[in-house]
Amino acid sequence: MSTRIAFLKGHGTENDFVIVPDPDNAVDLPPAAVAALCDRRAGIGGDGLLHVVRSAAHPEAKDMAPRAEWFMDYRNGDGSIAEMCGNGVRVFARYLQHAGLVTEGDFTVATRGGVKRVHLAKDGDVTVGMGRALLPEGDVTVSVGGRSWPARNVDMGNPHAVAFVDDLAHAGDLYAPPPFSPASAYPAGVNVEFVVDRGPRHVALRVHERGAGETRSCGTGACAVAVAAARRDGVDPAATGTPATYTVDVPGGRLVITELPDGEIEMTGPAVIVATGEIESEWLETVGL
């Protein structure tokens, strides 16, 4: 390829992303190229990549085009495809605003996890309607070193195993995926959250994200943790008719998660664009683009 590709860099509570604007879906992004772009030493660096495409131009999003103009074609840092990324949606929305494609207020974004409602507030925070959590039945256990914990199975459009621990250090280095059982619970892998209490309806987490390793934040993970904590605390908005809000501290900042009586979960937090640039064409050729 003789032309350069424009990119941006952004983060949401320090969950960082390479952003590749490509409205017409003209840029082929094979897994090896995505992994190279996300490499923190030899590439731009990021936990994942946000490929910005018009829904009508992407075969996986065409059916969502009448409801959402833009599709977040999200890739993990290793190049694999993911269904959803909550922090990624906030950064994706911030990019759309940065590019003059949306303004403050409400709009929608298409993802592999469905169409998500987004609100850009005047104070800079971004709220995303994350959909409803599913709570699959069955016992799950996660392990690190010689310790094991029961985990709550929560599906937020992607799978999560939420374990409540006494100390976040018990999660270990999280370089490798924490083992879980039974293997049949997550045939395609799982995001694993380790959680401690900080106060009433206030928790903190560390997370190993499938395909990315430990990250500074995980939006869907924060939602899964809030739901798991609420059920552990005997809180169910569907039963009480009252929204439940949990503050979730992540290594990169703070997210506020609200579960509404109809089951919809809203996530609010910051999103920042930190840089723009162009990827050198000579380097692109070395990674197969």
*Less than 4.0 Å between a side-chain N and a carboxylate O, is that true for D236 and R231?*
yes

*Looking only at heavy atoms, what is the nearest atom pair of M64 and T111, with distance?*
CE-O, 3.4 Å

*State the CG-CG distance between D78 and D47, to the nearest 0.5 angstrom.*
11.5 Å

_Positive for side chain to side chain donor-acceptor pair (under 3.5 Å) with T215, one of R206, H208, E209_ = E209

*Please walk me through it: do T245 and V256 pass side chain to side chain contact (heavy atoms under 4.5 Å, CB included)?*
CA-CA 7 Å; T245 297; V256 176; 3.5 Å; yes

*Mind checking whether T276 and H98 have side chains closer than 4.5 Å, heavy atoms only?*
yes

*Look up atom CG in L49 and atom CG in D16, then write down how far apart they are to the nearest 0.5 Å.*
11.5 Å

*Which heavy atom of A133 sits nearest a heavy atom of V154, and at what distance?*
CB-CG1, 4.0 Å

*Spacing of CD belonging to E69 relative to OG belonging to S55, to within rounding of 0.5 Å*: 8.0 Å

_Just so I know, are the side chains of Y95 and V91 near enough to count as touching, which here means a heavy-atom distance under 4.5 Å?_
no

*What's the shortest heavy-atom distance between S217 and V207, and which atoms?*
C-CG1, 4.5 Å

*Classify the side-chain pair H202/D249 by whether it contains a donor and acceptor separated by less than 3.5 Å.*
yes

*If Ile, Leu, Val, Met, Phe, Trp and Tyr residues are connected whenever their side-chain heavy atoms lie under 4.5 Å apart, and connections chain through other members, are V27 and I279 in the same group?*
yes

*asked:* What's the separation between atom CD1 in I44 and atom CH2 in W283, rounded to the nearest 0.5 Å?
replied: 6.5 Å

_Looking at every non-hydrogen atom in both residues, tell me the closest pair between L8 and P21 and how far apart they are._
CD1-CG, 3.6 Å

*Would you kindly confirm whether V203 and M156 end up in one hydrophobic cluster when ILVMFWY residues are joined by side chain heavy atoms under 4.5 Å apart?*
yes

*asked:* Hydrophobic clustering (ILVMFWY, side-chain heavy atoms < 4.5 Å, transitive) - are V34 and I5 grouped together?
replied: yes

*Does a donor on one side chain and an acceptor on the other come within less than 3.5 Å for D233 and Y246?*
yes

Check residues 113-123 and write down every donor-acceptor pair under 3.5 Å in which the side-chain atom is one partner and the other belongs to a residue at least two apart or another chain.
from, atom 1, to, atom 2, distance (Å)
K116, NZ, G113, O, 3.2
K116, NZ, M130, O, 3.3
R117, NH2, E264, OE2, 3.3
H119, ND1, D106, OD1, 2.7
D123, OD1, D125, N, 2.9

*For the residue pair I273 and I19, establish whether any side-chain heavy-atom pair is separated by less than 4.5 Å.*
yes

*Which atom names give the shortest non-hydrogen contact between K9 and F17, and what distance separates them?*
CD-O, 3.3 Å

*Determine whether P270 and H11 make a side-chain contact, defined as any pair of heavy atoms from C-beta on separated by less than 4.5 Å.*
no

*Passes side chain to side chain contact (heavy atoms under 4.5 Å, CB included), W70 versus F92? Steps please.*
CA-CA 9 Å; W70 296 97; F92 188 95; 3.9 Å; yes

_V225 reachable from L135 in the ILVMFWY side-chain graph, under 4.5 Å edges_ = yes

*Please report the closest heavy-atom contact between A271 and R94, naming both atoms and the distance.*
O-NE, 2.9 Å

*In Å, rounded to the nearest 0.5 Å, how long is the span from CG of L255 to CD of E266?*
13.5 Å

*Quick one: are Y74 and L50 in side-chain contact, heavy atoms under 4.5 Å?*
yes

*asked:* Quick check on the hydrophobic clustering: are L96 and M72 connected, directly or via other members, by side-chain heavy-atom contacts under 4.5 Å?
replied: yes

Side-chain polar contacts of residues 183-197 - donor-acceptor pairs under 3.5 angstrom, sequence neighbours left out - could you list them?
from, atom 1, to, atom 2, distance (Å)
Y186, OH, N153, OD1, 3.2
Y186, OH, H160, O, 3.3
N191, OD1, R210, N, 2.9
N191, ND2, P159, O, 3.0
E193, OE1, H160, ND1, 3.4
E193, OE2, H160, ND1, 2.8
D197, OD1, R232, NH1, 3.4
D197, OD1, R232, NH2, 2.8
D197, OD2, R232, NH1, 3.0

*Do side-chain atoms of R147 reach the backbone of V165 as a donor and acceptor pair under 3.5 angstrom?*
no

*Would you mind reporting whether D22 and H58 have side-chain heavy atoms less than 4.5 Å apart?*
no

_Does D139, at its CG atom, have more than 12 non-hydrogen atoms belonging to other residues, nucleotides or ligands within less than 6.0 Å?_
no

*asked:* Around atom CG of D167, are there more than 12 heavy atoms from other residues, nucleotides or ligands closer than 6.0 Å?
replied: yes

*Flag the pair D155 and R132 as a salt bridge only when some basic side-chain nitrogen lies within less than 4.0 angstrom of an acidic carboxylate oxygen.*
no

*For the residue pair T13 and R90, establish whether any side-chain heavy-atom pair is separated by less than 4.5 Å.*
yes

*For the residue pair N25 and P59, establish whether any side-chain heavy-atom pair is separated by less than 4.5 Å.*
yes

*Out of curiosity, T220 OG1 to M267 CE, how far, rounded to the nearest 0.5 Å?*
8.0 Å

